[in-house]
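Encoded as structure tokens, the structure appears first; notes follow it.
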There are 2 protein chains.
Amino acid sequence: MISSIAELIADRIGTMPASERRAAQTLIASYPMIGLKTVAEFSAAAGVSSPTILRFVARLGFQNYPEFQSSLQDELAAQLQSPATRTLNPPSPGGGTVSPMLEATLDNMRETFRHLSDKQLADIAARLADRRGKTFLIGGRFTDPLARYMAAHLAIIQPDVFHLAGQESMWRDRLIDMGKRDVLVIFDIRRYQDSLVRFAEKAHQRGVQIVLFTDQWLSPIARFARHVIAGRTAVPSAWDSSAALFVVAETLIGAVTRQLEAKGAKRIREMESLR
Amino acid sequence: MISSIAELIADRIGTMPASERRAAQTLIASYPMIGLKTVAEFSAAAGVSSPTILRFVARLGFQNYPEFQSSLQDELAAQLQSPATRTLNPPSPGGGTVSPMLEATLDNMRETFRHLSDKQLADIAARLADRRGKTFLIGGRFTDPLARYMAAHLAIIQPDVFHLAGQESMWRDRLIDMGKRDVLVIFDIRRYQDSLVRFAEKAHQRGVQIVLFTDQWLSPIARFARHVIAGRTAVPSAWDSSAALFVVAETLIGAVTRQLEAKGAKRIREMESLR
DNA sequence: GGAGCGCTGTATCGTATGTTACGTATTTTG
DNA sequence: CAAAATACGTAACATACGATACAGCGCTCC
């Protein structure tokens, strides 16, 4: 079973003429970076001519050079997405259901946060902590609980936090209350819901700032969003995982709380004494 | 100190116009792969025009698109050579808010699952997949979203799944429907809610089997529970984290789904066709 | 030692790609 | 509310890139 281009090359390098072999060795030596550059650069690095590179690529079974490059990129993308797979780990002995699920989830989180800078989170937190406007939260079929979870926390530490529940027509009526200074937090992962997209668009038209929690394929709502958080969702299960987004949400809740505490913990103390 | 293009983007994304921001977000979402493709593909993926991509690249300080791509490639090459350096976000020594939060959460999950055997999960999953009785889910102030999340999934793959929402008096009225063959899934972490404890006790008296999701200090409901899942909740934040419980919930959802699929995926296929 | 075959590079060609100019739409400012 | 500035996309353009045809060279095998 040949799964990578490197293996493919190792398999066929024996049958190649001298110049193509030099090309192959050059590629392997700095795999796969040289292959992502132009034919001219590749040929120069290998010390052969351009047509030799093209013949080499053709011999590997590719129709043309761009197709070869795409293949390399896909391979690279797969590696980058699952750091665990990089080490060619056997996927857990015994086939228990727990371990792969947990491992995938942990990877998802690391990967999600890898694409998320402190600054980005701080910006969003600042926006949420800015009390000149209101905060609305809403989610899709499976993610609405995340919106509720976040709303439950935010509503305690500051006023004017609303979770949009119920039917579509209900949200729409709330649109009239929304304006430029307000923030709308939307959770939307595949399959993306048309109703949410429509709602986001209308809110966007009213100047509402949208913070979108979505998956790595980006909900169409990203078009209207001021801030986009893309979480990894792939796990060995029939369902997508929202765990990474959940953790981001918790992180944000913590950050907002800290910012408000800095400003003055009056409200929080009041809240405590009311219990 | 800015060392990667991703940081550069995070730094300047605030000063960008809307369309360029879309480009930036698209790039970050699948960093850095889309940046290695052609301008046309990049622009299509971001839903903007080619010139916008070029302006975006120019704003980052590159003379032209190829220069930008080379820079991405160099970065990638450096990463591939030293897997240890793969941290896109430098470990943020000191005041960084993200890293400690994430690390603590990951630790919580590992620790939670360390105390959770495959068998235990399989037993609970089997109990939830057993369709001779009904399934009820309920949660506390902050954990009710978790109950909703789980209910949203379970309700799809099997009938008779009910999330108990609203006021305490509402749940109590549902008690009359509950019996020996039924399962009650309760989420309850500190501070434990008296109302939930009372409810759990009454359900227990009626012979309902209780599955409890709680924290490591165990809600008093544990006294009445058939199964107890104790998740770690401590994080460097003003709030406790429910992330570990969330992941356990997802794992259970996956396990139940698998068991039902084994029995016969008729319902699931029907469900799909109804959409 | 000569004829045939395969390998390789040079030169040329067509085209996909990045680039730029310009007009329209949108937002901002006085 | 008008005017200016900015943002954005359409369309035309130039170039750099991959592809191909062809000729020279070396090797092998009769």
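Heavy-atom basis, side chains included; hydrogens, waters and symmetry copies ignored. Chain naming here is simple, since letters A, B, ... match the order of the sequence lines and numbering starts at 1 in each.
- For the residue pair T135(A) / R131(A), a side-chain donor-acceptor distance below 3.5 Å is found, with atom types taken as modelled.
- The interatomic distance linking H204(A) (NE2) with dT26(C) (P) rounds to 11 Å, in whole Å.
- Checking dT8(C), dT19(C), dC8(D) against every side-chain atom of S50(B), the shortest atom distance belongs to dT19(C).
- Protein atom CZ of R21(B) is 14 Å distant from nucleotide atom C1' of dC8(D), rounded to whole Å.
- Counted by atom type alone, Q209(A) and R127(A) present one or more donor-acceptor pairs between their side chains at under 3.5 Å.
- Taking the centre of each ring, Y149(A) and F142(B) stay at or above the 6.0 Å mark.
- Distances were taken from every side-chain heavy atom of S49(B) (C-beta onward) to each of dG9(C), dG9(D), dG18(D); the shortest belongs to dG9(D).
- Checking dG18(D), dT19(C), dT20(D) against the side-chain heavy atoms of P51(A) singles out dT20(D) as nearest.
- The only option from R22(B), R21(B), Q25(B) that meets the side-chain contact (heavy atoms from CB on, under 4.5 Å) definition with V228(A) turns out to be Q25(B).
- Close to dA7(D), at under 4.0 Å from its OP1 or OP2, lies no side-chain N or O of S19(B).
- A straight line from CG of N64(B) to P of dT19(C) spans 5 Å, rounded to a whole angstrom.
- Of the candidates dC8(D), dG9(C), dT19(C), the closest approach to any side-chain atom of T52(B) belongs to dC8(D).
- Regarding Q63(B), its CD atom lies at a distance of 15 Å from the P atom of dA16(D), rounded to whole Å.
- Rounded to whole Å, atom P of dG6(C) lies 18 Å from atom CE of M16(A).
- One can place OH of Y65(A) at 17 Å from C1' of dT20(D), the figure rounded to the nearest angstrom.
- Distance from the side chain of P17(A) is smallest for dC7(C) among the nucleotides dG9(D), dC7(C), dT17(C).
- Atom CZ in R55(B) sits about 9 Å away from atom P in dA7(D), given to the nearest Å.
- R172(A) forms no cation-pi arrangement with F199(A), by the criterion of a distance under 6.0 Å to the ring centre and an angle within 45° of the ring axis.
- Distance CG (L54(A)) to P (dC22(D)): 18 Å, rounded to an integer number of Å.
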